Amino acid sequence: MADMDRLSRDFFDRNTVIVAKELLGKRLVRVEDGNRLAGYIVETEAYRGEEDLGCHARAGLTQRTSIMYGSPGHAYVYFTYGMHWMLNFVTEPKGFPAAVLIRGILPCEGMDIISNRRKGQPFPRWADGPAKLCQALNITGSLNGTDLCAPNSALFIENGLPQDKISNNHVKVSSRIGLFSVPEPWKSIPWRFVLQMEVNNEPAGR
DNA sequence: AGCACGATTAACT
DNA sequence: GTTAATCGTGCTC
């Protein structure tokens, strides 16, 4: 039953760092024109609260950050560097601004569409970056605010790999990427999680 | 109104 | 390793 596989709001309504780690191995699903595009989440980062000077919420409540102050289980999609979209999931109770940045997925469904959008790149590197996966799954600002827990949502998460099947030995923890002018301790806080997967050089099931 | 910079990527030396 | 591409956001004047 695919619907029982979908993560509910309770999953996101927890400490952001725990959610970021437990999102590893889950399956991100994008429904577009009736097609399922999907991939296993392999890299995440936690951004947590106004005191986290790496988090957009350091600026307080603004039009852009308001989604992070809302209910957990919604998509926060923002535009940066004049050309790239980034996908995040809002976490923690309403009123506390926090989100998990999805930094990489391993595509597993909709391979033809994804590979066409990522021309020139070899599998499994079609979506190994926060902007790359948004391009691969056609995620833009129109999906900002999407409720991941609503029926018929264009974006949601499925259980994917069972949590107890992911050994801590396969999860690499490090500081977050790209925070050049962010002061310590936020610059080095170990809130990045990477799932080390064994991957063939060819997509499965083709 | 103007400015500096960004949770990046691809292409280059 | 270095750099251009390219524009929304938040801050200062």
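Every chain is numbered from 1, with letters handed out A, B, ... down the list of sequences. Remember, it's a predicted structure, so these values are computed and weren't measured experimentally.
Closest approach to the A:Phe79 side chain among B:dA7, C:dG8, C:dG10 is made by C:dG8 (side chain taken as heavy atoms from C-beta onward). Distance from the side chain of A:His84 is smallest for B:dT9 among the nucleotides B:dT9, B:dA7, C:dC7. In this structure, the nucleotide among B:dA7, B:dG6, B:dT9 sitting nearest to the side chain of A:Ser181 is B:dG6.
When both pairing distances are held under 3.5 Å, C:dT6 makes no Watson-Crick or G-U pair with any nucleotide shown. Nucleotide C:dG1 forms a Watson-Crick or G-U wobble pair with B:dC12, both donor-acceptor distances falling under 3.5 Å.
A cation-pi arrangement, defined by a distance under 6.0 Å to the six-membered ring centre and an angle within 45 degrees of its axis, is present between A:Arg14 and A:Phe11.
For A:Glu50 and C:dG10, the CD to P distance is 13 Å, given to the nearest whole Å. When rounded to the nearest whole Å, the span between CD of A:Glu43 and C1' of B:dA7 equals 11 Å. Taking atom CE of residue A:Met68 and atom P of nucleotide C:dG10, one finds them 10 Å apart after rounding to whole Å. A:Leu179 has its CG atom 13 Å from the C1' atom of B:dC5, to the nearest Å. In this structure, the CD atom of A:Gln121 is 17 Å from the P atom of B:dT8, given to the nearest Å. Rounded to whole Å, the distance from CH2 on A:Trp126 to P on B:dT9 is 18 Å. Atom CH2 in A:Trp85 sits roughly 11 Å away from atom C1' in C:dC7 (whole-Å rounding). Per the geometry, CD belonging to A:Gln63 stands 12 Å off C1' belonging to C:dG10, to the nearest Å.
At a threshold of 4.0 angstrom between heavy atoms, the contacts of A:Arg64 are confined to the sugar-phosphate backbone, with no base atom among them. A:Gly129 comes within 4.0 angstrom of sugar-phosphate atoms only, judged by non-hydrogen atoms across all strands, and of no base. A:Met83 comes within contact range of at least one nucleobase, with a heavy-atom separation under 4.0 Å.
The same atom, P, is picked in C:dT3 and in B:dC5; the two are 16 Å apart, to the nearest Å.
Exactly one residue among A:Val90, A:Thr44, A:Thr91, A:Asp52 makes a side chain to side chain contact (heavy atoms under 4.5 Å, CB included) with A:Thr16. That residue is A:Thr91.
Checking the phosphate oxygens (OP1, OP2) of B:dA10, a side-chain nitrogen or oxygen of A:Arg118 falls inside 4.0 Å. Contact check, A:His56 against B:dA7: a side-chain N or O comes under 4.0 Å of OP1 or OP2. When the side-chain nitrogen and oxygen atoms of A:Arg103 are compared with OP1 and OP2 of B:dT8, one or more of them lie within a distance under 4.0 Å. In this structure, A:Thr80 does not reach the B:dT8 phosphate: none of its side-chain N or O atoms is under 4.0 Å from OP1 or OP2.
Ring stacking holds between A:Tyr47 and B:dA7, with the centres under 5.5 Å apart and the planes within 30 degrees of each other.
With the nearest nucleotide of DNA chain B identified for both A:Val182 and A:Gln135, A:Val182 has the one nearer the 5' end.
In the model, A:Lys132 has no side-chain atom that pairs as donor or acceptor with a side-chain atom of A:Gln121 under 3.5 Å.
Aromatic ring centroids of A:Tyr47 and A:His56 lie 6.0 Å or more apart.
Two residues are said to be in side-chain contact when any heavy atoms from C-beta on lie closer than 4.5 Å; A:Ile189 and A:Ser175 fail this criterion.
The base of C:dA5 has none of its N or O atoms less than 3.5 Å from a complementary donor or acceptor on the side chain of A:Tyr81.
Taking 4.0 Å as the cut-off between side-chain N and carboxylate O, A:Arg27 and A:Asp5 count as a salt-bridged pair.
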